[in-house]
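Not measured: the values here are computed from a predicted model. Below, each value reflects all heavy atoms present in this structure, side chains not excepted, and no hydrogens, waters or symmetry copies.
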Amino acid sequence: MTTPLHERAVGEAAQELLERHRAVLDRAVTAIRTREYWSPYPDEADAYGEPARTAGDETFRQLLGREFPSDQPGRDGFVGPGPEGGGERSPYGFDLGITYAHADPDVLLPAMEEAMAGWRSAGPWGRAAVCAEILARINARSFELAHAAVHTSGHNFLMAFHAGAVHAQDRGLEAVAYALFEQTRMPTGATWSKPMPDGRTFSLAKTFTVVPRGVSLVIANRVFPTWNGYPGLFASLATGNAVLVKPHPGAVLPLALTVRIAREVLRESGFDPNLVALAPERPGERLAATLALRPEVRIVDYAGTSEFGHWLEANARQARVFTAKSAVNSLLVESTADYRGMLHNIAFSLALYSGQLCTSPQNLFVPRGGIATDEGHRTYDEVVGDLADTVTALLADDTSAVAVLGALVGPDVLAEVEYAASGAVGPVALAPRPVTHPDHPGATLRTPVLVALDAAREETHKTFGREWFGPVGFVVAVDSAARGAELLGSVTRRAGALSVGVHTTSAAVEALVSEVCEDAGVMLSVNLMGDWFITQSAVFSDLHSTGLNPSGNSVYCDGAYVAERFRTVGVRRYGDSR
């Protein structure tokens with residue numbers, strides 16, 4: 001891809017950033033075309049060095065119990081610990097005690113609109129370069145971001161360093177690459193010449209300018225505020241829009257750090273820092289609903305429950321709304337050539353981050369007549385028992401368990417686990433156990449509960465047909481693989497799914513499930529083993545969601561995700577006619 005020859009108003013600082021990050025931007029655009037493995041951000045913590053680890057830990061601790069600095073306009077009070085309640089509490093058992101400035105939308109939003117003029121003039125490449133610098137600086141503070149993810153979202157540290165930091169940065173850069181590709185698809189200028197009947201040539205000189213929609217609102221969730229928030233933030237920013245970030249009240253810090261870094265880079269690059277701002281909310285304020293209906297807001301990115309997602313889609317009519325909502329992910333286990341490998345892969349997927357991933361499997365459909373394996377035929381009961389034993393062995397002691405699990409993010413999640421474990425919905429094949437974290441005894445951790453259900457009983461369909469957020473899994477007996485595929489498809493179409501899996505040695509079964517998943521609009525994983533799990537999504541290669549089922553109407557990341565954030569305005573000028 002070549003740089004347009006007449007990028008307008010790219011200042012000296014932004015031009016230097018373009019030279020610095022041009023190779024990364026080119027490589028990112030190549031990656032979204034080839035879908036090969038690539039990342040500029042190492043996901044091994046050791047690659048950053050011990051000084052970075054120490055600095056990240058110290059910087060995080062210095063944030064606790066203090067006012068988070070803010071220079072945004074419209075400050076009209078504070079959000080955080082106080083008599084009104086609220087404030088962030090670590091799922092590992094302590095209050096963060098951080099106070100954030102609250103903003104008056106009547107002051108902040110006009111300032112953000114005003115900031116867009118100079119940003120629009122920077123052009124696609126100038127904006128991409130600034131976004132790449134923001135991400136580079138975020139990457140340099142990955143340990144600090146990881147600690148913020150641990151103590152707002154309940155991740156274990158490895159999960160936090162990956163999904164809360166470097167893989168979120170990958171998602172941000174992926175969005176920038178798509179934005180750059182889509183904005184430069186059309187030339188910035190052209191000469192249009194038409195031969196006339198009398199032998200003359202009529203000519204027009206034409207220019208084409210990318211024009212952003214307006215202020216973009218990012219409504220983030222608590223579980224993955226950066227991984228789910230960065231795609232919309234950087235897709236909107238790279239296409240010329242200002243971005244207002246509304247964090248979840250329980251996970252403000254990761255996005256507050258992000259916004260502060262973005263504002264620093266914008267200011268240093270000669271742009272108005274009010275292009276990016278933070279909007280924490282007071283207890284009971286319902287700020288997301290208020291902001292989503294503001295006339296200044298022309299784009300809304302949302303990740304969270306289906307209920308509010310549906311409300312946004314129905315009511316934020318002035319904006320283009322992108323949603324990522326609840327999901328019920330399923331696996332069909334029909335046969336396998338590696339029984340122990342399959343059990344370990346499924347067990348780890350169920351346990352990882354205590355089932356709080358949006359891609360965590362919930363339903364396992366197993367033929368009631370059993371499955372064929374490399375160890376011989378295994379009955380349904382044996383599959384259930386062997387899976388329970390594998391989960392138990394994986395999480396045998398607290399030290400090994402805390403490296404896989406995460407702290408439950410709220411009492412509602414614990415209530416779901418306890419209700420499933422009570423036997424009220426079906427026979428308990430594996431009871432959960434509490435896990436004590438060696439460093440954080442106040443954390444609430446539970447191993448997965450497995451419940452055996454029979455699809456022949458119609459009442460069980462309501463049980464496995466909805467999302468049970470947290471470490472709850474259902475092993476559902478079905479009459480056949482075909483019936484399992486049918487149920488898998490119907491759950492996806494009704495409740496939504498982000499990831500579906502199948503274990504089979506049969507080409508016919510694989511083809512059947514592939515067809516079902518195409519019809520239902522969900523990504524399929526076939527016979528995953530070893531170090532890759534149904535929960536994982538490879539940035540620059542996998543498409544996270546499809547927009548074709550109720551789990552959401554958008555994709556991280558494709559052309560449609562960014563192209564709706566801008567329009568192209570043409571200007572025609574009379575040229576020479578001969």
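One finds a salt bridge joining Asp46 and Arg53 here, because a Lys/Arg side-chain nitrogen approaches an Asp/Glu carboxylate oxygen to under 4.0 Å. Taking 4.0 Å as the cut-off between side-chain N and carboxylate O, Glu36 and Arg27 count as a salt-bridged pair.
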Using a 3.5 Å cut-off and no angle test, enumerate the donor-acceptor pairs between side-chain atoms of residues 530-537 and protein atoms at least two apart in sequence or in another chain.
| unit_1 | atom_1 | unit_2 | atom_2 | d |
| --- | --- | --- | --- | --- |
| Gln536 | OE1 | Phe533 | N | 2.8 |
| Ser537 | OG | Arg171 | NH2 | 2.8 |

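Considering only residues two or more places apart in sequence or on other chains, Arg433 meets the salt bridge (Lys or Arg N to Asp or Glu O under 4.0 Å) condition with Asp398. Among residues two or more places apart in sequence or in another chain, the salt bridge (Lys or Arg N to Asp or Glu O under 4.0 Å) test is passed with Asp397 by none. With sequence neighbours left out, Glu486 forms a salt bridge (Lys or Arg N to Asp or Glu O under 4.0 Å) with Arg483.
With hydrogens and angles left out, the side-chain atoms of Glu334 and Ser506 include no donor and acceptor closer than 3.5 Å.
Annotation: His155 is in aromatic contact with Phe224 [ring centroid separation under 6.0 Å]. Tyr302 and Phe308 have their aromatic ring centers within a separation under 6.0 angstrom.
For residues 353-372, the set of pairs meeting the salt bridge (Lys or Arg N to Asp or Glu O under 4.0 Å) definition, not counting sequence neighbours, comprises Arg368-Asp454, Arg368-Asp479. Here ring-ring contact (aromatic ring centres under 6.0 Å, His included) pairs that include residues 358-387, with residues two or more places apart or in two chains, are Phe365-Phe464.
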Apply the test side-chain hydrogen bond (donor to acceptor under 3.5 Å, both in side chains) to residues Glu467 and Ser326: give CA-CA distance (whole Å), side-chain angles for both, the deciding distance (0.1 Å), then the verdict.
CA-CA 7 Å; Glu467 182 185 46; Ser326 303; 3.3 Å; yes
